[in-house]
Amino acid sequence: MKTVEEIKAAIETAIPGAGVVIVPNPSVSGQHSLRITPAHAVAVATFLRDDAELSLDFLSNATGVDWPDKEVSEKVKITRTVTKTVDGQEQQVEETVEETQKRVVPGCLETVCHLFSVSKGHGPVVIRMKTANRTDQVELPSLTPIWRSAEFQEREIFDLFGIVFTGHPDLRRLLMWDEFKDHPMRRDYVEPDDFEYEPTAHDEVLTRAQEHQAKLAGMAAGQEGAGA
Amino acid sequence: MAVDDGLKIELGKQGVFVTTIEELYNWGRKNSIWPMQFGLACCAIEMIATTMARYDMARFGAEVFRPSPRQADLMIISGTVTKKMAPQVVRLYNQMAEPKYVIAMGACAISGGPFKQGYNVLKGIDRYIPVDVHIPGCPPRPEALLHAFMTLQKKIDEQPLTGEGRPRHLDAEAQSEFPVPVQGEHDLEPASNKGVWTVPVVIR
């Protein structure tokens, strides 16, 4: 099979301006993936399926990744002019200082698809797509019209991560009920407070159980106070 | 009750069979418990094995699995109860005619088991409906299910027909239907039925 670099070149020849980026995988498997832009996703996917040499006719797996907002601190060299007393005289001196700056890298949601070719017997080719952010711009084009096997998996991603697939024929929740509002696989999902009975609690569960007990104690104290 | 055991045996030797209505009634009830035919997860496979020739639940009068709650006496909760499934399980229980019994089979059905902290797993079906016998195990072996079944038979056999502790179908006041939880925006509402389940006291 072609390497990811060759596939990238092939895509960019077929679809000018597709904007494919190689996401390297530093592990032993070296299974690098291709990040495609949502605007060209359908065209790129159609190419990958229909290209005679690649003929990736089977989407075996589609899943989601949640990248929360991340605060990074980095050291920046800043040059500024400082007034200093040198040899009894005040002078303007240029000074370079290292400063730690903190900035927030906005998060996003991502889908990862594994493609195989049943006819050629090769694969996987991993393609990824990112949403603009995690809150209001969570649309990505659906790949169900190209690979039917994406249908339920995209519904699952919609259910658990909250990515909205435009062009999906039947986008409903798959595992949770329709009235449910949250997306359980997101990093910032908080489970409902049903930690009233945890006989063998540890770690995070222990913390939640203790919080629950503290809340109950607080409520009981409040009622007693109101009664008195 | 009225006839002592020694006299009963003595009369039996003479070809006279003495019993009480209560004994006869409970004997009939405990030997014809028809389970409802439904399974929720991998425990159901073990339940199916229990009904087949090697373990043969028919020996206990429970071979007829009924595919309708109207004809079933026993609900075997065989597997993980998800929060999506819980309202349906409670509704099926409500649709069963009295007398009705529940066996919670396996770690998931009794407590949520290995999936207890999952976002979609109910932490035990006993939060919504009264459970007669709990069996631990993941999954419990067919012997364990048979043991649960025999425990239930014993429980039925010991029930008096009048007064305190009589079966629910002979008690006009007894609650037979339980509120079906509503699937809310974040969780099932309510999180447990009051009167059915109270937080167990942990003794350390």
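The sequence lines fix the lettering, A, B, ..., with proteins before strands; numbering per chain opens at 1.
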Note to self: Counting C-beta onward and ignoring hydrogens, is there a side-chain heavy-atom pair between B:N120 and A:W177 closer than 4.5 Å?
What the structure shows: yes
Margin query: If we define contacts as heavy-atom pairs under 4.5 Å, which of B:V199, B:D187, B:T82, B:V201 has the most with chain A?
Written below: B:D187
Margin query: Quick check on B:R166: does its CZ atom have over 12 non-hydrogen neighbours (other residues, nucleotides or ligands) under 6.0 Å away?
Written below: yes
Next item on the list: Determine whether A:R173 and B:K84 make a side-chain contact, defined as any pair of heavy atoms from C-beta on separated by less than 4.5 Å.
Entry: no
Note to self: Using heavy-atom distances under 4.5 Å, tell me whether A:E191 contacts chain B through its side chain, its backbone, both, or neither.
What the structure shows: side chain
Check: Hey, is NZ on A:K2 packed in by over 12 heavy atoms from elsewhere, all under 6.0 Å?
Finding: yes
Margin query: Within a 6.0 Å radius of atom NE2 on B:H147, are there more than 12 heavy atoms belonging to other residues, nucleotides or ligands?
Written below: no
Check: More than 12 non-hydrogen atoms from neighbouring residues, nucleotides or ligands closer than 6.0 Å to CE on A:M185, yes or no?
Finding: no
Note to self: Taking atom OH as the centre, does A:Y189 end up with more than 12 heavy-atom neighbours from other residues, nucleotides or ligands that are less than 6.0 angstrom away?
What the structure shows: yes
Item checked: Salt bridge present between A:E196 and B:K123 (N-O < 4.0 angstrom) -> no
Note to self: I'd like to know if B:K83 pairs up with A:D194 as an ion pair, taking the criterion as any Lys NZ or Arg NE/NH1/NH2 lying under 4.0 Å from an Asp or Glu carboxylate oxygen.
What the structure shows: yes
Margin query: If you count every heavy atom of other residues, nucleotides or ligands that lies below 6.0 Å from B:R59 atom CZ, does the total exceed 12?
Written below: yes
Item checked: Pairs of heavy atoms under 4.5 Å with chain A: top-ranked of B:G124, B:P200, B:S192, B:G118 -> B:P200
Check: Between atom CD of A:E198 and atom CD of B:Q117, what is the distance when rounded to the nearest 0.5 Å?
Finding: 5.0 Å
Notebook entry, point to check: Hey, does A:D182 have a side-chain heavy atom less than 4.5 Å from the side chain of B:Y119?
Noted result: no
Checklist line | Nearest heavy atoms of A:P192 and B:H186, plus distance in Å | finding: CG-O, 3.9 Å
Notebook entry, point to check: Is it the side chain or the backbone of A:E204 that comes within 4.5 Å of chain B heavy atoms, both, or neither?
Noted result: neither
